[in-house]
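Take a look at the structure below.
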Amino acid sequence: MLDSILLIAQANATAPPQTANWLMNFMSWVYLLGDPAITTKGLLGSLLTWLKIIGLFSLVAWIGARVMQAIKDRISLPALSGIAAAGIVGGLISLLLQVLLSTGRLALPIISGVSPVAILVILSILAVVAWLEATLWISMSRRESQGDKLLLIAMHVALVFGMASGIFIVQNFAQVQGIKISILEGIQQGARMGLTYMGYTSLAMLGYRLVAEFWNINPIRTLAIAWLARKEANRRMWAPYVVTVVFLVVLAFTHWFLQPPRPAEMSRLFVGTLTLLCSLLITLMIIFLSPLSLPTDIQQQTIYTIVSKPVSRLEMIWGRIIGYMTLVTLIIAMFGGISYIYLIRQVNSTIRATNDEAALVRSGNVLRANQLDEQSEQLTARMSARVPVKGSLLFRDSKGTPQIKGIDVGQELEYRTHVEGATPSKGIWRFGVISHPFDEVRNMVARDAGKTATPPQYPILDRRILVDNFLKSGTLEFVDNQIASLKFQQSQGTKGLESRIDALQTQRRPLANQDAELKAKLKAAQAADNQAESDQIQLQLAEIHSDPFKVEMSFTIYRTTKGRVGEPVFASMKVINPVTSEQYENAFPVREYYTDTQVIPASLLVGSNGYLNIEVQCVSSNQYLGMAESDLFILASDGSFFWNFFRGLAGVWLQALVLTSIGVFAGTFLSWPVALLTTIAFFIGGQVAFGFLQEFAIQAQTGGGPFESLFRLLSHDNQMSDLTPTLPVVTAKTLDSLILPIMSRLVYVVPNFASLDVSNSVADGFAVTDEKMLGNALMALAYALPFSVAGFFVLKNREVAA
Amino acid sequence: MSQSDIIIEIKNLTKVYRDFWGRPKVQALKALDLQVKRGEIFGLLGPNGSGKTTTIKLLLGLLFPTEGEALIFNEPTTNVAKNERIGYLPEESYLYKFLNAEETLDFYGRLFKISGSERRKRINKLIDMVGLNHARHRQLREYSKGMQRRIGLAQALINDPELVLLDEPTSGLDPIGTAEIKDLILDLKAQGKTIVLSGHLLADMQDICDRIAILHRGELRELGRVQDLLTVQDITQIKVRDLPDSAITEIRDVIERHQGQLVSVDHPTTTLDELFLRIVRESDQFPGRRHVADRAKTEAGPSTKS
Ligand SMILES: Nc1ncnc2c1ncn2[C@@H]1O[C@H](COP(=O)(O)OP(=O)(O)OP(=O)(O)O)[C@@H](O)[C@H]1O
Ligand SMILES: [Mg+2]
């Protein structure tokens with residue numbers, strides 16, 4: 001819908017001015033901020049979505065709490081209850097009617113463009129709203145809270161504003177497009193936007209109260225509560241001791257049951273397992289600590305002595321979180337340290353053993369010795385923190401036709417697809433600001449057929465290579481690249497660059513001379529077979545040239561019976577600079593399961609503007625090379641494994657932070673067994689079932705919602721078949737249409753624990769980048785903060801002694 | 001009486017305990033009106049379940065009133081900042097059993113921004129005062145009930161509070177402990193502090209309280225200066241030294257002439273025990289609200305309404 005708004009703005013620019021431009025600008029902002037499903041790109045977009053969701057939840061919580069209070073205070077009049085009941089019944093009936101209509105069991109006449117069901121829906125909603133209004137105003141008038149009254153009024157202003165904007169936007173859209181849209185659409189859009197703005201309003205109020213509370217926070221007191229939480233964990237639950245003992249016991253037996261499938265994957269297996277163990281133990285500890293603390297405090301009435309002191313409820317919550325997180329930090333540091341030492345010792349001793357063996361067999365069995373060398377090399381390579389630059393992959397099949405995927409050799413669980421040996425079939429990785437593979441394949445087909453390309457339909461990908469990071473300043477390639485990019489700018493119409501190009505040319509000349517000189521000398525030395533001399537010259541040459549860059553890949557091979565056993569399969573790689581058309585080509589035997597590294601001269605990057613194509617073909621006939629997008633990348637840098645390992649553990653820390661706040665939050669209003677179960681449910685929901693829940697959110701699951709699925713299960717219908725609209729089916733669908741929207745909103749509450757876990761990257765030897773860490777930290781905060789604040793409001797508004 | 005001399009002001013305070021569905025279970029407090037003044041020892045009396053603890057919990061914001069309000073230092077009970085000046089000993093010693101005496105006091109001390117050195121000084125003094133020096137490093141789970149009571153009391157005084165709320169301070173204490181607590185309370189009063197205590201040990205209350213309120217099933221039954229309450233109003237007592245028998249006969253005549261009746265010549269006052277029992281019995285016989293005037297205020301008007 002945002003696109004359509006932008007369309008309106010565009011249309012407005014050309015069409016006779018019906019509405020002022022500033023108003024349209026303003027309205028598109030109102031729309032962006034107000035529609036719950038619309039967002040923009042980047043951090044701002046995430047923040048906006050976050051605010052909208054939190055706002056809606058705080059709105060529901062605020063209204064829900066007031067209504068509950070009103071019901072408990074028995075202020076509702078019988079007439080009001082009747083209206084509410086009528087509204088709810090009407091809503092249910094209209095849902096049922098809607099399902100009946102959509103399954104074709106019922107046909108209703110449309111009265112002047114409006115379906116009777118829609119009228120029933122509106123009437124029901126009006127009834128419920130009327131009841132809500134009356135209840136809220138009556139209960140407000142009883143309680144003397146100035147702030148709440150103000151908020152209620154502000155919410156109505158927000159609702160009216162959202163409603164009016166929604167109607168305006170839809171009507172304007174209809175007008176510009178020259179189509180007729182029923183007023184109901186406008187009202188619906190208005191309601192969505194009105195709710196969002198009401199959400200912001202209640203959020204602002206909560207924010208104000210939170211800030212007011214925040215000033216009362218005292219670090220000494222908060223740390224005292226944290227200290228208490230830690231002491232409780234130590235002395236009552238014995239948590240850290242239990243966890244440490246389990247960790248050490250498991251570690252002592254690790255090498256018994258951890259047998260890597262290939263020696264080179266040892267570190268991968270160990271890193272993965274140790275991080276998993278650490279994360280498992282910490283998670284268990286948090287699950288048993290955080291939701292139990294407040295309920296026992298309340299149950300054993302120890303909380304009386306806290307609440308009667310000048311302690312803010314926010315301090316009681318944050319103090320606990322800080323206390324547990326201190327514990328988690330200490331334990332992670334300890335486990336991490338032990339794991340790291342253990343890991344290094346294990347891997348190093350394996351490397352040493354492999355090297356020793358290689359030395360032993362070298363004279364007799366060269367093949368085996370080489371194999372062992374490779375193994376130890378791979379073991380070392382995995383203990384790194386590589387930063388990859390990833391391209392976008394597409395294929396040409398054996399006839400040369402562009403394809404999204406390669407050949408499927410029928411291995412079901414394989415995410416790689418294949419290129420056939422000794423044919424034009426190849427995988428192409430593209431780098432740069434490039435079109436989406438779907439668009440590119442379509443355009444390649446068009447270009448091959450001599451037609452013109454069509455505009456992109458999918459998002460543009462930014463897979464640029466940051467060339468400056470690969471070229472050493474002051475080298476020939478560096479200067480060349482600068483000249484090239486200035487010339488490129490010049491060709492784009494930028495003026496006044498001549499002097500800078502001249503300066504660079506002057507800088508280049510001595511370098512080029514030196515290069516030519518050294519190369520000539522090198523030739524002479526090589527001709528004279530003077531090894532020492534030529535080595536010396538090589539070093540000097542390296543001084544004025546940038547280091548070559550590395551391309552790493554790990555392909556699989558699918559062997560047909562036609563090939564000869566034991567003979568290596570060869571691949572060829574062609575690196576093309578699409579701007580300068582400079583090429584580099586090389587063929588090499590593919591190492592199965594291991595990483596192949598190819599070294600590419602830095603000159604290929606010169607003048608590329610970050611664009612590069614890498615094509616990989618299989619040379620050996622009748623063999624297939626399996627590849628996926630992540631199998632090939634340019635190695636940007638190679639960081640320290642030590643820090644990467646601890647970054648992996650930081651992921652565990654962030655998980656613990658989110659889980660702790662959920663646990664403490666659950667403890668503010670639930671008894672400990674329920675709070676414990678809730679925390680476990682959150683963890684499982686976020687760790688295991690997140691993808692499933694997400695699908696729920698977009699309601700894209702085949703076979704309908706939970707009730708319809710249940711029906712299919714009982715009636716032995718498969719997920720795809722169309723169900724005959726019998727009464728049970730209609731009932732199930734009706735219940736689903738009631739449940740699904742609620743469920744899909746609730747899904748937002750479940751944090752994506754799995755995405756905070758970065759141990760896979762660490763285990764695979766890839767660097768966990770700063771951006772990833774920052775993103776994960778923000779995400780963890782985006783959950784931890786609202787949960788803890790929600791806990792504060794619950795605790796503030798509950799009687800701890802009741 | 002200036003406004004700042006009123007430390008606690010309770011107006012129409014009502015508390016109804018409800019179940020999960022909001023249905024009323026118990027009406028624990030019915031429209032209570034009270035004032036506690038600076039520097040006095042105020043006793044809350046009443047049989048079990050009469051609402052003493054409920055009142056104290058309401059004062060501390062542990063419970064929220066169903067109706068009415070309570071002000072402490074002229075602040076609403078939900079304001080936690082006022083707790084800086086309050087000390088509270090709960091009915092039972094609800095303390096963290098996994099801490100030892102010293103840690104307990106240190107922890108509570110830190111909740112009142114008390115500096116480290118000052119904290120250590122007070123901890124030593126208080127542990128000494130409640131006589132737990134020999135057990136200061138033992139975890140509270142090993143403490144006897146009386147010992148827990150003592151550390152609870154020390155905890156209530158860690159911030160040198162202006163107002164001390166003690167819910168049955170002497171329960172579980174031995175006679176010596178009880179006497180010590182009484183001395184301590186009087187000592188606190190001497191320091192100008194205000195003390196509110198609840199309890200059953202009437203003899204003790206009689207000794208130390210300036211004013212008392214007697215609650216019965218959530219209703220205020222009696223309120224006033226202990227001295228006034230215990231004076232039997234319809235009995236006039238004349239104490240004379242060295243009066244000859246003839247004079248006594250004459251007085252008898254005078255009394256008879258005024259339709260009076262001589263009851264006895266001794267036992268000048270009743271005890272709080274008797275008063276208490278009488279009120280409880282009367283209340284049981286004639287349930288319902290009763291007009292209670294603060295007899296301390298004499299002519300100052302009624303402090304409760306019907
Ligand atoms: N949490 C609660 N839920 C329901 N009713 C309660 C609760 N706490 C107290 N009550 C009821 O409120 C009334 C007053 O209780 P309260 O504890 O205030 O009495 P008390 O005067 O302190 O008694 P005692 O001398 O036994 O300590 C009692 O009837 C009691 O059953
Ligand atoms: Mg009590």
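Below, read A as the first sequence line, B as the second, and so on, with proteins coming before strands; counting in each chain starts at 1.
Annotation for A:Trp238: atom CH2 does not count as buried by contact number, only 12 or fewer foreign heavy atoms lying within 6.0 Å. Remark: B:Glu67 CD is loosely packed, at most 12 non-hydrogen atoms of other residues, nucleotides or ligands lying under 6.0 Å away.
When the heavy atoms of residues 118-137 of chain B are compared with those of chain A, none of the residues falls under 4.5 Å. Taking 4.5 Å as the heavy-atom cut-off, the residues of residues 56-64 of chain B that approach chain A are B:Lys57, B:Leu60, B:Gly61, B:Leu62, B:Leu63, B:Phe64, ordered by number. Along residues 154-167 of chain B, the residues that come nearer than 4.5 angstrom to chain A, judged on non-hydrogen atoms, are B:Gln155 in order of number.
With a 4.5 angstrom heavy-atom cutoff, A:Asn218 touches chain B only via side-chain atoms. Residue contact with chain A, scored on non-hydrogen atoms closer than 4.5 Å, involves the backbone and the side chain of B:Arg23 alike. Using a 4.5 Å cut-off between heavy atoms, B:Lys25 does not touch chain A at all. For chain A, the nearby part of B:Arg18 is the side chain; its heavy atoms alone come within less than 4.5 Å. Contact annotation for A:Arg798: only backbone heavy atoms (N, CA, C, O) come within less than 4.5 Å of a heavy atom of chain B. Neither the backbone nor the side chain of A:Glu315 comes within less than 4.5 Å of any heavy atom in chain B. With a 4.5 Å cut-off on non-hydrogen atoms, B:Glu103 touches chain A through its backbone and its side chain both.
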Exercise. Could you please spell out the steps behind the side-chain contact (heavy atoms from CB on, under 4.5 Å) verdict for A:Gln301 and B:Glu91?
Key: CA-CA 10 Å; A:Gln301 303 173 326; B:Glu91 192 166 19; over 6 Å; no
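Considering only heavy-atom pairs separated by less than 4.5 Å from chain B, the leading option among A:Val800, A:Asn216, A:Thr305 is A:Thr305. Residue with the most contacts toward chain B among A:Asp297, A:Ile303, A:Leu223, A:Ile225: A:Asp297 (heavy-atom pairs, distance under 4.5 Å). Ranked by non-hydrogen atom pairs under 4.5 Å with chain B, the options A:Gln300, A:Arg221, A:Arg236, A:Lys309 are led by A:Lys309. For chain B, the option among A:Asn797, A:Leu228, A:Val311 with the highest count of heavy-atom pairs below 4.5 Å is A:Leu228.
No side-chain heavy atom of B:Tyr94 sits under 4.5 Å from any side-chain heavy atom of A:Ile306. Looking at heavy atoms from C-beta onward, B:Thr78 lies out of side-chain contact with A:Lys796 at the 4.5 angstrom threshold. Contact annotation: the side chain of B:Tyr96 never approaches that of A:Glu232 to less than 4.5 Å [non-hydrogen atoms, C-beta and beyond]. Considering only heavy atoms from C-beta on, A:Trp227 comes within 4.5 Å of B:Arg110 through its side chain.
Under the side chain to side chain contact (heavy atoms under 4.5 Å, CB included) criterion, A:Pro240 pairs with A:Asn234, A:Leu327, A:Ile331, not counting sequence neighbours.
If you take NZ on A:Lys231 and CZ on B:Phe98, they are separated by 9.5 Å, rounding to the nearest 0.5 Å. From A:Thr302, atom OG1 reaches atom CG of B:Leu99 across 10.0 Å, with rounding to the nearest 0.5 Å.
Here the closest non-hydrogen pair linking A:Pro310 and B:Phe112 is CD-CE2, 3.2 Å. Nearest heavy-atom pair across B:Tyr88 and A:Ser308 is CD2-OG, 3.4 Å.
The main-chain N or O of A:Val307 is found under 3.5 Å from a side-chain atom of B:Asn83 such that the two form a donor-acceptor pair.
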